[in-house]
Asks: 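To start, I am sharing the structure in question, which I have written as C-alpha cells.
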2 protein chains.
Amino acid sequence: MTTRLHPNISVDCVIFGFDFEKLNVILVERVLKDPVTGEEIISDFTLTGNHIYVDEHLEDAAKRVLNDLTGLDHIYLEQFYTSEDPARLKSPKDQLWLSKTGKNPEERVISVCYFSLLNCKETPIRKKDRKVGWYPVSNVTNLGFDHSQILAHALHSLQIKIQNEPIGYEMLPQKFTLSQLQKLYEVVFNVEFDKRNFRKKVAKMKYLIPLDEKQKGVSHKPARYYIFSREVYEKTKTDMLNFSV
Amino acid sequence: MTTRLHPNISVDCVIFGFDFEKLNVILVERVLKDPVTGEEIISDFTLTGNHIYVDEHLEDAAKRVLNDLTGLDHIYLEQFYTSEDPARLKSPKDQLWLSKTGKNPEERVISVCYFSLLNCKETPIRKKDRKVGWYPVSNVTNLGFDHSQILAHALHSLQIKIQNEPIGYEMLPQKFTLSQLQKLYEVVFNVEFDKRNFRKKVAKMKYLIPLDEKQKGVSHKPARYYIFSREVYEKTKTDMLNFSV
DNA sequence: CCAAAAGTGTTCAACTTACACCCATGT
DNA sequence: ACATGGGTGTAAGTTGAACACTTTTGG
C-alpha cells in the first residue's frame with residue numbers, strides 16, 4: 001500500500017445525525033483570512049472529505065474521514081452519488097481556497113460521496129485544527145464547493161433508502177421510545193404524523209421489540225423503551241413492491 | 001478540451017431494453033484467441049464502457065458509448081453507482097484482457113456506472129469490430145470484470161427508481177398498450193399482476209392518456225393505444241411517502 | 001395541583017385482492 | 001369456427017386518515 005494521495009479522486013461524507021429534535025449534518029468551517037489586513041476573504045462551510053490514497057478502497061477513505069472526526073469505527077456508510085463536473089471546483093472562491101491549502105487548482109477532482117448515520121448525542125466530535133460541528137440540515141445554505149448539491153442528493157437518497165430499509169435505527173440509541181422514532185421519521189421527511197396512526201403502523205413491524213424498561217427522571221409519564229432487532233428483521237423482511245408514481 | 005483518456009476513470013453503461021417480452025441488456029462479447037493454436041483463451045461478455053477524456057463530463061462519456069452503439073442521442077441516463085475496489089480488475093482473465101488490448105493492467109480504474117433505458121424494437125445496434133447485442137437479463141451469468149455485480153446493482157436501482165418516477169415509458173414506444181405496460185412492470189420486478197387490478201391502478205394515473213387509436217393487423221381484439229404525458233405528470237405529481245419496511 | 005408527554009380506539013373512506021366471462025380480430 | 005389476447009365489475013378484506021381523552025411522572 002502506497003501512501004500517495006490520488007490527485008483526481010476524493011470522497012465526501014455527508015454525516016447525518018439525529019438529536020431527538022432535528023436532522024443535523026456535520027460541517028467544517030472554511031475560513032481564509034487576508035494575511036495583511038486580517039479580513040476574512042472566505043468564510044463558509046463545507047462537508048467533510050478527503051482525497052483517497054492511490055490504492056485505497058473508497059469506503060476505507062470515507063471511514064478514515066469518519067474516524068478522524070469521531071474516533072468511531074463501524075459507522076453506517078452508504079455510497080450514493082459521484083460528483084464529477086469538470087467545473088465543480090472552478091468558482092473563484094474554491095480556486096482560491098485550493099491554492100491557499102496546497103492543492104493544485106487545475107486538477108480535476110471527482111468525488112465519490114457517502115452518507116453516514118449517527119446519533120448526535122452519542123457522538124463526540126473531535127475538533128482538530130478547524131471548527132467542526134453539527135448543523136441543522138434545514139438551515140444549511142450556500143456550502144463551499146458543490147457541497148450544497150451533494151447534501152441535497154444525500155438527503156434524497158436517505159429518504160429513498162429509509163423507506164425500503166430499517167436504517168433509521170442507526171440514528172437512535174440502542175433503546176429508544178416510539179416518540180423518538182416518530183420524530184426521526186418526521187424530520188427526515190419534513191412532515192408530521194398522527195401519533196396513534198404512527199403507533200399502529202409500527203406495531204406491525206415485528207422487529208421493533210418492546211422492553212420492560214421505561215424512561216427515568218422525566219417529568220411526565222415515562223415512555224417504554226424499544227429495541228430494533230436486526231435478527232427478526234432479516235427473518236421477516238419481504239420484498240417491497242409498490243410502484244407508486 | 002484535451003483528448004487524452006484518463007487512465008483511472010471510466011464509465012460503464014448498463015443499457016436496459018424491453019422487447020414486449022423480456023428485460024434485456026446490451027452486452028459485448030469479449031473473445032481472445034491464442035495467436036498460435038487459435039484456441040479461445042477468453043470467451044465471455046461484458047457491459048459497454050469506456051475511459052473518459054481527462055476533462056470530459058462523465059455523462060458525456062456515457063453518451064458517447066451510447067451514441068457509438070445506437071447512433072441515438074437523448075437517451076435516458078441515470079448514474080447509479082461507482083465501482084471502485086482496487087482489486088476489481090485483478091482477476092487473471094481481466095489482467096490478460098487488459099494487457100492484450102493495450103491497457104496498463106497495473107492502473108487502478110474506478111468506474112462510474114450509468115443505466116440507460118431503451119425500447120429494443122426501435123434501437124438498431126451498430127456492431128462494429130466486436131459482437132454486440134441484446135441479452136435477456138434473467139439469463140446473464142458470469143460477465144467479465146466486475147460487471148455481474150454492476151448489473152445487479154443496476155437492476156436494483158432501476159426497480160427503486162421506477163417505483164418513484166415514471167421512467168418505464170423510456171422503454172416503450174410513444175404509443176403503447178396497457179398490456180405492454182403491464183408486461184414491462186412484470187419483467188422489471190419479476191412478478192405477475194392481475195390484469196383487472198393493474199388496469200384499475202393505472203387508471204388513477206392521469207398522465208396515462210388513452211388515444212382514439214387501436215392496434216392494427218393483430219389476430220385478436222385490437223388494443224387501445226396510450227401515451228405518457230410528461231406535462232400532466234409534472235403538474236399532478238405528489239411526493240411519495242410510505243416507509244414500508 | 002400543574003405541566004408535559006405517553007398511551008390508547010373507533011369510524012369512515014379509500015384501496016387491495018381475488019376472481020370469470022364476453023369481445024373483436026385474423027386465419 | 002377457432003385461437004388469441006383485449007377488455008370489463010363486484011364483493012370482502014385491509015389499510016389509511018381523522019380525531020380526544022386519560023395516565024404517569026417531576027416539580
Asks: On DNA chain C, check which nucleotide each of Lys221(A) and Asp194(A) is closest to and give me the residue with the more 5' one.
Replies: Lys221(A)
Asks: Of all the choices, dT10(D), dC19(D), dG6(D), which nucleotide is nearest to the side chain of Lys200(B) once you look at every atom?
Replies: dT10(D)
Asks: Is the closest basic N to carboxylate O distance between Arg88(A) and Glu84(A) below 4.0 Å?
Replies: no
Asks: Which of these nucleotides, dG6(D), dT25(D), dG7(C), is closest to any side-chain atom of Arg199(B)?
Replies: dG6(D)
Asks: Applying the ring-ring contact (aromatic ring centres under 6.0 Å, His included) test to Tyr169(A), which of Tyr185(A), Tyr226(A), Phe176(A) qualifies?
Replies: Phe176(A)
Asks: What is the distance, rounded to the nearest whole Å, between atom NZ of Lys214(B) and atom P of dG5(D)?
Replies: 18 Å
Asks: For the side chain of Arg224(A), counting heavy atoms from C-beta on, which of dG7(C), dA17(D), dT10(D) is nearest?
Replies: dG7(C)
Asks: Measure NZ/Lys216(A) against C1'/dG27(D) and give the value in whole Å, please.
Replies: 20 Å
Asks: When the distance from CG of Leu181(A) to P of dA6(C) is rounded to whole Å, what number comes out?
Replies: 12 Å
Asks: Measure from the side chain of Ala223(B), starting at C-beta and using heavy atoms only, and say which of dG9(D), dT25(C), dG6(D) lies closest.
Replies: dG6(D)
Asks: Between Ser179(B) and dG6(D), is there a contact of a side-chain N or O with OP1 or OP2 at under 4.0 Å?
Replies: yes
Asks: From the options dG7(D), dG9(C), dG26(D), select the nucleotide whose nearest atom is closest to the side chain of Ser219(A).
Replies: dG26(D)
Asks: Write down the distance between CD (Glu192(B)) and C1' (dG5(D)), rounded to a whole number of angstrom.
Replies: 15 Å
Asks: Under 4.0 Å, counting only non-hydrogen atoms across every strand here, what does Thr177(B) touch: a base, just sugar-phosphate, or nothing?
Replies: nothing
Asks: Lys183(B) has an atom NZ; how far is it from atom C1' of dG6(D), in whole Å?
Replies: 16 Å
Asks: Distance check, rounded to the nearest 0.5 Å: Leu23(A) atom CG versus Glu186(A) atom CD?
Replies: 13.0 Å
Asks: Round to the nearest Å and state the distance from Phe193(B) atom CZ to dG5(D) atom P.
Replies: 20 Å
Asks: Just say parallel, tilted or perpendicular for the rings of Tyr233(A) and Phe228(A), cut-offs at 30° and 60°.
Replies: tilted
Asks: Of the candidate nucleotides dA4(C), dT24(D), dT25(C), which contains the atom at the shortest distance from the side chain of Pro222(A)?
Replies: dT24(D)
Asks: Calculate the interatomic distance between Phe20(B) atom CZ and dG6(D) atom C1'; express it in whole Å.
Replies: 16 Å
Asks: On DNA chain C, nearest-nucleotide positions of Lys204(B) versus Lys195(B): which is more 5'?
Replies: Lys204(B)
Asks: Let me know the distance between CD of Glu21(A) and P of dA5(C), rounded to the nearest Å.
Replies: 10 Å
Asks: For the side chain of His220(B), starting at C-beta, report the closest nucleotide among dT25(C), dC19(D), dC19(C).
Replies: dT25(C)
Asks: Which pair of non-hydrogen atoms, one from Gln159(A) and one from Val188(A), has the smallest distance, and what is that distance?
Replies: NE2-O, 2.9 Å
Asks: From the set dA24(C), dA20(D), dA18(D), return the single nucleotide nearest to any side-chain atom of Arg196(A).
Replies: dA20(D)
